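Being a predicted model, the structure only gives us computed values, none of them experimental. Each chain gets a letter, A, B and so on, in the order the sequences are listed, and its residues count up from 1. Side chains included, hydrogens not; waters and symmetry mates left out as well; all remaining heavy atoms used.
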Amino acid sequence: MPELPEVETIRRQLDPLLRGQVIVGSWAFGSAKFTDARFAVGAHLAGVRRRGKYLLIDLEADAPMELIVHLGMTGRLELADGSSSPASSHLRARWDLDDGTALVFDDVRRFGRIAVVGRGQHTSLPTLDALGPEPFDDAFTPELLRSRINASSRVVKTQLLSQRVVAGVGNIYADEALWRSHVHPGARRLTRRQAADLRDAIRSVLAAGIANGGTTLRNYRDAEGGSGRNQRYLDCYGRSGEPCIRCGDTLRRIVLDARSTTYCPTCQRR
DNA sequence: CGATTTCCCTGGCCGC
DNA sequence: TGCGGCCAGGGAAATC
C-alpha cells in the first residue's frame, strides 16, 4: 500500500541510480496495464519525479516523454544488478539499462499501472490528470482544503482518498491525519480551525512517513528491498480495539467506501 | 456531470 | 493437512 511517503522514498533512491542511463531493452507482462513499458526502449533517463503516488520518470527520446509508474497495492520497483537480483515472483515489467543493471517492476495483485506518454500529457490517467495540490506545496492552504471539502457532500475521508483535494494520501495516512487533527472521518463540513488542523496533520504525518522510510505492514519494500519503519509510529491506523493513546477510549473500526477506517469516538467527534 | 457502485487481483488468514 | 470463504484496497470503468 504505497502512499506518498513510500513512493517518495523509492523516488529518492532511484533518481541518482537511473539518471543518465539509457533503456536498451524491456519486457512487459501481457496485460494492457503494463504493456506500455516497451515504449520506453531507446530513451535516455533524465530524472525521477513524483506527483502524489505516481512516479514520473523523465525520458529523453525523439520527443520529451514520461514513463509513469503507479505501484497500486503491491507494486515494487527495484534495481537488479547482476550480483543481487530482487525477488520478482510476480514480474510485470523489466527495463534493461545500458550499464548492465535492470529496473524491475514486481506486482503480486496487478493493481499497479505503467504508462508512457508525452511529457505532461496525463489525460489517459484521469486521477493523475485531476490530482489535487502536493501536500507540501504552498498552494495547499487550509482555505483551499476547507473550500474543497465543503463544496462536496461526500465525507471528508472519502474526499482525501479521492486524490482530488490533495495528492498522495491513502488509507493509512488519512486515518492518522484525521486522528491527529481530531476530525471525524465521516464529517461532511470543516470549520476553519478544523481545516487548519487537518492541513497541518496531513503534512506532519506524511513528513514523518518520509523521514521513517515509509510504512511496511505487508508488501511495501523500498527500491533496495528494505522495509520502512513508520509502522512503529502509527497512532490510529490498524489499532481498532486498542485504547486511544490520547484519551484512553477504545478505537473503533468502521467501513467507509469499502475501506476500513479506524478512529477515536471520543477525540474525533462529528 | 457528479455521485455511487462494481470490478480488478491473489496471498494470507481463519474456521471447520 | 486441506480447503472454502473472506479480507486487504487504489484507481478506473460502469452505472445511477
For [X], which fellow cluster members are found when Ile, Leu, Val, Met, Phe, Trp and Tyr are connected by side-chain heavy-atom distances below 4.5 angstrom, either directly or through intermediates?
X: A:Tyr233; value: none
X: A:Ile68; value: A:Tyr54, A:Leu56, A:Val117, A:Leu125, A:Leu128, A:Leu131
X: A:Leu256; value: A:Val155, A:Ile254, A:Tyr263

Just jot down the salt bridge (Lys or Arg N to Asp or Glu O under 4.0 Å) partners of [X], sequence neighbours excluded, or say none.
X: A:Lys53; value: none
X: A:Arg148; value: none
X: A:Glu143; value: none
X: A:Arg188; value: none

On the nucleotide C:dA8, are OP1 or OP2 found under 4.0 Å from the side-chain N or O atoms that A:Tyr220 carries?
no
Side chains of residues 33-44 of chain A: which donor-acceptor pairs under 3.5 Å do they make with residues two or more places apart or in other chains?
| from | atom 1 | to | atom 2 | distance (Å) |
| --- | --- | --- | --- | --- |
| A:Lys33 | NZ | A:Arg110 | O | 2.5 |
| A:Asp36 | OD2 | A:Val116 | N | 2.9 |

If I take atom CD in residue A:Gln159 and atom P in nucleotide C:dG11, what distance separates them, rounded to the nearest angstrom?
16 Å
Find the distance A:Lys53:NZ to C:dG11:C1' and express it as a whole number of Å.
9 Å
Compute the angle between the rotation axes at the two ends of the helix from B:dG2-C:dC16 to B:dC16-C:dG2, each taken over five pairs, rounded to 10 degrees.
40°
Could you list all the salt bridge (charged side-chain N to carboxylate O under 4.0 Å, His left out) pairs where at least one residue sits in residues 55-71 of chain A, not counting sequence neighbours?
A:Arg49-A:Asp58, A:Arg49-A:Glu66, A:Asp58-A:Arg119, A:Glu60-A:Arg119
Counted 5' to 3', the first and last nucleotides of DNA chain B within 4.0 Å (strictly under) of a heavy-atom of chain A are B:dA3 to B:dG11
Among residues 108-133 of chain A, which residues get a heavy atom nearer than 4.0 Å to DNA chain B?
A:Val108, A:Arg109, A:Arg110, A:Phe111
